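Comments concern the structure below.
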Amino acid sequence: MSDLLARHRAVLPNWLALNYNEPIEIVSGKGNRVIDADGKSYLDFFAGILTNMIGYDVPEVREAVERQLATGVVHTSTVYLLRGQIELAEKIARVSGIPDAKVFFTNSGTEANETALLLATYARKSDQVLAMRQSYHGRSFGAISVTANRSWKNNSLSPLNVHFLHGADRHLTQFKGLSDADYIKACVDDLRHVLATSVSNDVAALIAEPIQGVGGFTMAPDGLFAAYKEVLDEQGILFISDEVQTGWGRTGGSFFGIGDHGVTPDMMTFAKGLGNGFAVGGVVARGDLMDAPHAVGLSTFGGNPIAMAAANATLDYVLDHDLQANAARTGEIIISGLKAAAQRLSVVKDVRGKGLMFAVELESPAQAGRFMELTKRAGLLAGKGGLYGTAIRMAPPLTLSVDEATEGLGIIVTALETIDAEAAAQ
């Protein structure tokens, strides 16, 4: 065991997850590659859990942060006017598609989801919330309560009265073999049944990820949330789209993941990639919802000048370079290649994803662990997830080139071939 790993384990929580049998320390990065403390280079297909959205050492982001540092002002708090915060809020309100939108900045996706849940329960004067099975919305008290993945829930207590819906669980016996249309119909029937049997009046909101992150990039078929929203609108129930992982063009088909469903939510939460590694999150919501709470509020660190400099530069870069189109183009190379390979690999149970957000479902957690070690050895970083710990989830920076997509695909397929051969030999 390395000295750094021993020190980590001595002073940090046991539940703080580390990838790999021999965890690595990343000491430098350029473009879409990083280098560890031993000098080994990796093509990064996990991007700091979808956070280094436009790669490493990006001049536009670095220079924006350096300009702010040069002013001597790293922090003032939201009790003063913050030009960068205002400029970023204007951009996000514009691209959100939400009418009369307003934005509140936080430091993380967890905090963003807490804020959205506060706004919804305040507006509806109800603690009743709908969420999706297999979901993950953060690690705080309220966010855990709307998370439906036992591996990530430490507490059965909740500040909310939560009911979980179907929508990303087509592997279940009752849904196997259904077409998209029939599955959507079954899910909508279940939603109506929940509203008729399990709740009282005035449900606050449905919170949902367009593609479930920790859930292993499982997703509802396009159109499900439009069908859900028709039912929600009948009762005035709000819809919160958790775009912490799916925002900013990553899915290729739309700038926010919910766009593939043809829906404009009442609120969207965001974080991760927007700061390209700097801590930033937030909520964009209808102005009437955002303005409604009567108590005074602020965020000490949310919207701080450094994070706003990085986020403004990152969002400008995404828009100026049309990285949504690049995600669609390079993601298609990888996903189509993986689906083709899966036809001859018995250990691959599913290939799924959109744009630069894709996953491979294997037979067992042991195979997922083996994949991680094989791809690490070959110079590629990936992530694990899924309800049963059997999914490999990957989400490279949106700046991934065609050559890098092809290179990464080759490493992935080679690892899968090795695991398939090992399984056949057992």
Side-chain angles (χ1 to χ4, degrees), residues 19-20 24 26 28-36 39-58 211 216-217 219 245-246 248-253 273 276 317-318 321-362 367-368 370-385 391-421:
N19 282 344
Y20 307 117
I24 63 173
I26 294 172
S28 65
K30 183 75 174 179
N32 299 319
R33 298 179 191 273
V34 296
I35 297 173
D36 70 14
K40 183 175 175 60
S41 176
Y42 304 88
L43 181 60
D44 191 356
F45 264 40
F46 205 36
I49 316 180
L50 295 86
T51 299
N52 300 308
M53 184 167 66
I54 59 175
Y56 298 84
D57 194 24
V58 181
I211 299 177
F217 293 174
M219 70 189 83
Q245 298 198 24
T246 50
W248 322 116
R250 176 163 290 282
T251 65
N276 203 48
Y317 192 99
V318 169
H321 293 81
D322 195 7
L323 294 189
Q324 178 183 331
N326 188 62
R329 179 170 53 252
T330 52
E332 172 59 24
I333 292 170
I334 297 170
I335 294 171
S336 62
L338 290 175
K339 287 183 175 179
Q343 295 177 9
R344 56 182 173 79
L345 299 170
S346 62
V347 295
V348 178
K349 298 307 175 186
D350 190 27
V351 173
R352 54 183 176 263
K354 292 181 179 181
L356 287 177
M357 192 172 184
F358 48 89
V360 177
E361 189 83 36
L362 297 173
Q367 289 177 347
R370 177 69 170 143
F371 178 95
M372 293 289 286
E373 296 300 329
L374 287 169
T375 50
K376 175 196 172 189
R377 185 185 307 164
L380 182 138
L381 301 182
K384 291 188 296 184
I392 298 296
R393 54 189 184 125
M394 291 165 279
L398 303 187
T399 47
L400 193 75
S401 70
V402 169
D403 286 345
E404 289 168 332
T406 303
E407 176 189 350
L409 173 63
I411 294 173
I412 296 166
V413 171
T414 298
L416 294 173
E417 289 171 341
T418 299
I419 296 168
D420 194 66

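Worth saying up front: this structure is predicted, and the values here are computed from it rather than measured. The analysis underlying the following values was restricted to heavy atoms, covering all of them including side chains, and did not include hydrogens, waters or symmetry mates.
- The main-chain N or O of P397 is never found under 3.5 Å from a side-chain atom of N52 such that the two would form a donor-acceptor pair.
- In this structure, R250 contributes its side chain and L356 its backbone to a donor-acceptor pair below 3.5 Å.
- Across A47 and A395, no two heavy atoms sit closer than the pair CB-O, 3.6 Å.
- Here salt bridge (Lys or Arg N to Asp or Glu O under 4.0 Å) pairs that include residues 333-347, with residues two or more places apart or in two chains, are R344-E417.
- Atom CD1 of I392 is separated from atom CZ of F217 by 11.0 Å, given to the nearest 0.5 angstrom.
- When side chains are defined from C-beta on, L362 counts as touching V348, because their heavy atoms get closer than 4.5 Å.
- Nearest heavy-atom pair, G55 versus T399, reported as atom, atom and distance to 0.1 Å: N-OG1, 4.0 Å.
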* To do: Go through F45 and L400 one step at a time and tell me if the side-chain contact (heavy atoms from CB on, under 4.5 Å) criterion holds.
  => CA-CA 9 Å; F45 264 40; L400 193 75; 3.8 Å; yes
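- For R352, the salt bridge (charged side-chain N to carboxylate O under 4.0 Å, His left out) partners are D350, E361, not counting sequence neighbours.
- V351 has its side chain out of reach of F358: every pair of non-hydrogen atoms, C-beta onward, lies at least 4.5 Å apart.
- The minimum heavy-atom distance linking A415 with T375 is given by the pair CB-CG2, 3.8 Å.
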* Given N19 and M372, is the side-chain contact (heavy atoms from CB on, under 4.5 Å) satisfied, shown in steps? -> CA-CA 8 Å; N19 282 344; M372 293 289 286; 3.8 Å; yes
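- Residues passing the salt bridge (charged side-chain N to carboxylate O under 4.0 Å, His left out) test with E332, sequence neighbours excluded: none.
- Two residues are said to be in side-chain contact when any heavy atoms from C-beta on lie closer than 4.5 Å; K349 and Q367 fail this criterion.
- Atom CD in E404 sits 13.5 Å away from atom CG in L409 (nearest 0.5 Å).
- Every side chain to side chain contact (heavy atoms under 4.5 Å, CB included) that Q324 has, sequence neighbours left out, goes to F255, D322.
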* To do: Take L398 and N326 through the test side-chain contact (heavy atoms from CB on, under 4.5 Å) and record every step on the way to the result.
  => CA-CA 7 Å; L398 303 187; N326 188 62; 5.6 Å; no
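- Among residues at least two apart or in separate chains, side chain to side chain donor-acceptor pair (under 3.5 Å) pairs with a member in residues 40-49 are D36-Y42, D44-Y56.
- A 4.5 Å side-chain heavy-atom check between I334 and M394 finds every atom pair outside the cut-off.
- For D403, there are no salt bridge (charged side-chain N to carboxylate O under 4.0 Å, His left out) partners at least two apart in sequence or on another chain.
- For the pairing with L416, the side-chain contact (heavy atoms from CB on, under 4.5 Å) check across I411, V360, L374 returns one residue only, V360.
- Contact check for T246 versus M357: side-chain heavy atoms found under the 4.5 Å cut-off.
- Proximity of L381 to I26: side-chain heavy atoms (C-beta onward) are separated by under 4.5 Å at one or more points.
- Considering all non-hydrogen atoms of both residues, G216 and A391 come closest at CA-CB, 4.0 Å.
- In this structure, I49 places its CD1 atom where only 12 or fewer heavy-atom neighbours from other residues, nucleotides or ligands lie under 6.0 Å away.
- The minimum heavy-atom distance between V413 and L338, with the atom names listed, is CG2-CD2, 4.3 Å.
- Looking only at side-chain heavy atoms (C-beta outward), N276 and Y317 stay at 4.5 Å or farther from each other.
- Using a 4.5 Å heavy-atom cutoff, the side chains of D420 and S346 are in contact.
- Counting all heavy atoms, side chain and backbone alike, L345 lies closest to A341 at CG-O, 3.3 Å.
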